[in-house]
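As a basis for the values below, the full set of heavy atoms in this structure was taken, side chains included, without hydrogen atoms, waters or symmetry mates.
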Amino acid sequence: MTYLDYQATTPLAPEALTAMLPWLERQHANPHSAHAAGRAAKAVVEVARDEIAGLMPEGGAVSFTSGATEALNWAIKGITGPIVTLATEHAAVLDTVAAEARKGRDVTVLPVGEDGLVDLAAAKAAIRPDTGLVAAMLVNNEIGVIQPVEQLAELARAAGARFLCDAVQGYGRVLTPEGCDLVAISAHKIHGPKGVGALWIRDGVMLEPLLHGGGQEPGGRSGTLSPALCAGFGAAARLAKQRFGADHAHGEQLFRAALAHIGSDWTLNGSRDERYHGNLNLRRTGLDVARLMSDLRNIAFSAGSACASGSGRPSHVLRAIGLSDAETRSSIRIGFGRYTSEEELIEALDRVDAAARAQKAAA
C-alpha cells in the first residue's frame with residue numbers, strides 16, 4: 001500500500017510506539033493515584049505535557065483531551081459571547097458553532113475567496129467589540145491553505161475577543177502563531193497515537209468545563225488520562241521539534257516534484273503559495289473519483305475530508321471556494337510527509353493520472 005492520506009492520519013512514528021509500549025505492557029497505574037506507581041505514571045504524563053508545550057508559544061498550559069474534536073468543543077462552549085469563524089473550518093468547529101447558534105448564540109461565518117483565504121477587511125468588520133470568540137484553522141485539512149491566523153488573532157485582541165486556533169494540521173509542521181489564546185491539536189496528525197489530543201490555554205484564559213468530574217487537567221478537564229497515549233503524543237511532539245527543519249525541507253521537495261510532474265489536465269484547488277506543502281487537492285474535469293479509488297485500491301488517498309467522506313455530500317470547503325458540485329466530486333486529496341519517498345509519490349501520481357486518462361478514453 002502506498003499511503004498518501006496524511007491529512008486523515010499519519011503513520012505512527014517508531015519512537016512514539018517505543019514510548020508507549022511499557023505503559024501498555026507492564027505499567028498500568030492510574031496517573032492520578034498518590035502511590036508510587038501512580039506518581040511514576042504522572043511523571044510520564046508531565047514529561048509529555050512539556051514536550052507538547054515545546055511547540056507552543058510561551059505563557060500557556062497544555063490540557064490533554066480525547067482528541068481535537070473535544071478540545072474544539074471545549075474551547076467554543078467554554079467561552080461566552082458572539083462567535084466569528086470561517087466557512088472552511090473543520091466540521092468539529094462548524095457543527096459546534098451551529099449547535100451554539102440553535103441555543104441563541106450569535107454566530108458569523110465568514111466566506112473565503114477562490115484561493116481559500118479569508119478577506120481581512122471583512123473579518124475586521126465582523127469582529128465587533130462584543131465578540132466573545134474568533135475561531136480559525138491554521139492549515140486547512142482539505143486544501144492545505146494557510147490562513148493569516150496571526151492577523152486574525154490581532155483583530156480579535158483589538159476587539160477584546162479570545163482567539164481559538166485549530167492547529168491540528170499545522171502543529172509540528174508550521175510555527176504556531178504567538179497571538180492565539182487557545183490552540184487545539186491532535187496526536188495522530190504528527191505521527192502519534194489516535195485517541196489523544198490537547199487544548200493549549202493561554203495563562204489567564206478561563207474556560208467553563210465541558211466534562212464535569214475530577215477536574216484532573218490544568219484547565220479543568222475531567223477524566224483519567226492514559227499514560228501510554230500521553231507518552232506517545234509527547235514522543236511524537238519531541239520528534240517533530242527535532243525534525244522540524246528536515247521535515248519541512250522534505251515536504252517542500254515532494255511538493256515541487258509533484259507539481260512539476262502532474263499534467264495540465266489537473267487543477268490545484270486553493271492557493272498555491274499560501275499553502276502547507278504536504279497537501280495536493282487536485283481536480284480533473286469529468287473524473288469519477290469513486291471509480292478511481294476502486295481502480296487504485298493499493299494507493300491510499302482521499303476524495304476529501306476523511307471525517308465527512310461517508311456522508312455523500314460535496315465538500316463544504318470546495319464549495320466555499322466557489323467550486324460546483326461536479327467540480328467538488330471530481331477532486332481528490334493527496335497528502336504526504338515524513339515517511340513518503342519522492343519515488344513512491346511520483347509513481348503513485350503516474351498511476352492516478354493513467355487511471356484518470358483511462359476513464360476519459362472509455363467515455
Side-chain angles (χ1 to χ4, degrees), residues 3-25 27 31 41-57 60-72 90 92 137-139 141 144 165-176 180 183-201 217-218 221 223 225-251 254 276-279 300 306-307 335-341:
Y3 186 77
L4 297 175
D5 203 14
Y6 269 55
Q7 276 75 61
T9 195
T10 56
L12 184 68
E15 294 87 343
L17 177 60
T18 298
M20 293 170 65
L21 282 176
W23 299 95
L24 292 169
E25 294 176 334
Q27 296 161 292
K42 180 177 176 58
V44 166
V45 169
E46 295 310 313
V47 167
R49 195 189 308 277
D50 289 343
E51 297 285 6
I52 295 161
L55 286 163
M56 291 293 191
V62 169
S63 287
F64 286 108
T65 64
S66 62
T69 295
E70 181 193 330
L72 291 165
H90 192 277
M137 186 185 286
L138 179 56
V139 176
N141 61 304
C165 179
D166 173 355
V168 169
Q169 297 289 341
Y171 175 75
R173 298 184 176 93
V174 299
L175 295 177
T176 306
C180 303
V183 181
I185 57 176
S186 181
H188 76 100
K189 307 296 188 179
I190 61 160
H191 305 287
K194 298 172 184 65
V196 62
L199 183 65
W200 178 87
I201 306 171
E217 281 298 274
R221 190 260 190 186
L225 296 177
S226 163
L229 293 179
C230 294
F233 194 176
R238 180 172 64 252
L239 191 61
K241 187 174 183 179
Q242 291 169 350
R243 293 182 54 97
F244 189 88
D247 283 350
H248 180 78
H250 181 58
L254 292 177
Y276 165 63
H277 287 166
N279 170 287
C307 301
F336 42 87
R338 181 185 298 163
Y339 302 119
T340 311
S341 72

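- Electrostatic pairing of E70 and R221 counts as a salt bridge here, judged by a charged N lying under 4.0 Å from a carboxylate O.
- Nearest heavy-atom pair across R338 and L239 is NH1-CD2, 3.2 Å.
- Contact detail for P227 and V44: the closest heavy-atom pair is O-CG1, 4.1 Å.
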Can M20 and L229 be said to form a side chain to side chain contact (heavy atoms under 4.5 Å, CB included), step by step? CA-CA 7 Å; M20 293 170 65; L229 293 179; 4.1 Å; yes
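- How far CZ of R238 is from CG of D50: 11.5 Å, rounded to the nearest 0.5 Å.
- Counting only heavy atoms from C-beta outward, the side chains of F64 and S226 never approach each other to under 4.5 Å.
- Taken to the nearest 0.5 Å, the CG atom of L12 stands 8.0 Å off from the OH atom of Y339.
- Using a 4.5 Å heavy-atom cutoff, the side chains of I52 and F233 are in contact.
- A donor-acceptor pair under 3.5 Å is formed between the side chain of K189 and the backbone N or O of A8.
- Shortest non-hydrogen contact noted between C165 and C180 is CB-SG, 3.6 Å.
- Across all their heavy atoms, G232 and P193 have their closest contact at C-CD, 3.6 Å.
- Taking OH of Y6 as the reference point, atom OG1 of T340 lies at 3.5 Å (rounded to 0.5 Å).
- V45 and P31 make their closest contact through CG2-CB, 4.1 Å (heavy atoms, listed as atom of the first residue, atom of the second, distance).
- Side chain of S66 to backbone of G195: no donor-acceptor contact under 3.5 angstrom is found.
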Go through the steps for Y276 and L138 under the test side chain to side chain contact (heavy atoms under 4.5 Å, CB included), then give the verdict. CA-CA 10 Å; Y276 165 63; L138 179 56; over 6 Å; no
Begin with the C-alpha distance, continue with both residues' side-chain angles, and end with the deciding distance and a verdict on side chain to side chain contact (heavy atoms under 4.5 Å, CB included) for H90 and M137. CA-CA 8 Å; H90 192 277; M137 186 185 286; 3.5 Å; yes
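- The closest side-chain heavy-atom distance from M56 to I185 is below 4.5 Å.
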Step by step, work out the side chain to side chain contact (heavy atoms under 4.5 Å, CB included) result for Y171 and V183. CA-CA 9 Å; Y171 175 75; V183 181; 5.9 Å; no
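- Looking at every heavy atom in both residues, S186 comes nearest to A68 through CB-CB, 4.0 Å.
- Rounding to the nearest 0.5 angstrom, the gap separating the NZ atom in K42 from the CZ atom in R49 is 6.5 Å.
- With values rounded to the nearest 0.5 angstrom, Q7 atom CD is found 8.0 Å from N141 atom CG.
- Taking CG from D247 and CD1 from I190, the interatomic distance works out to 10.5 Å, rounded to the nearest 0.5 Å.
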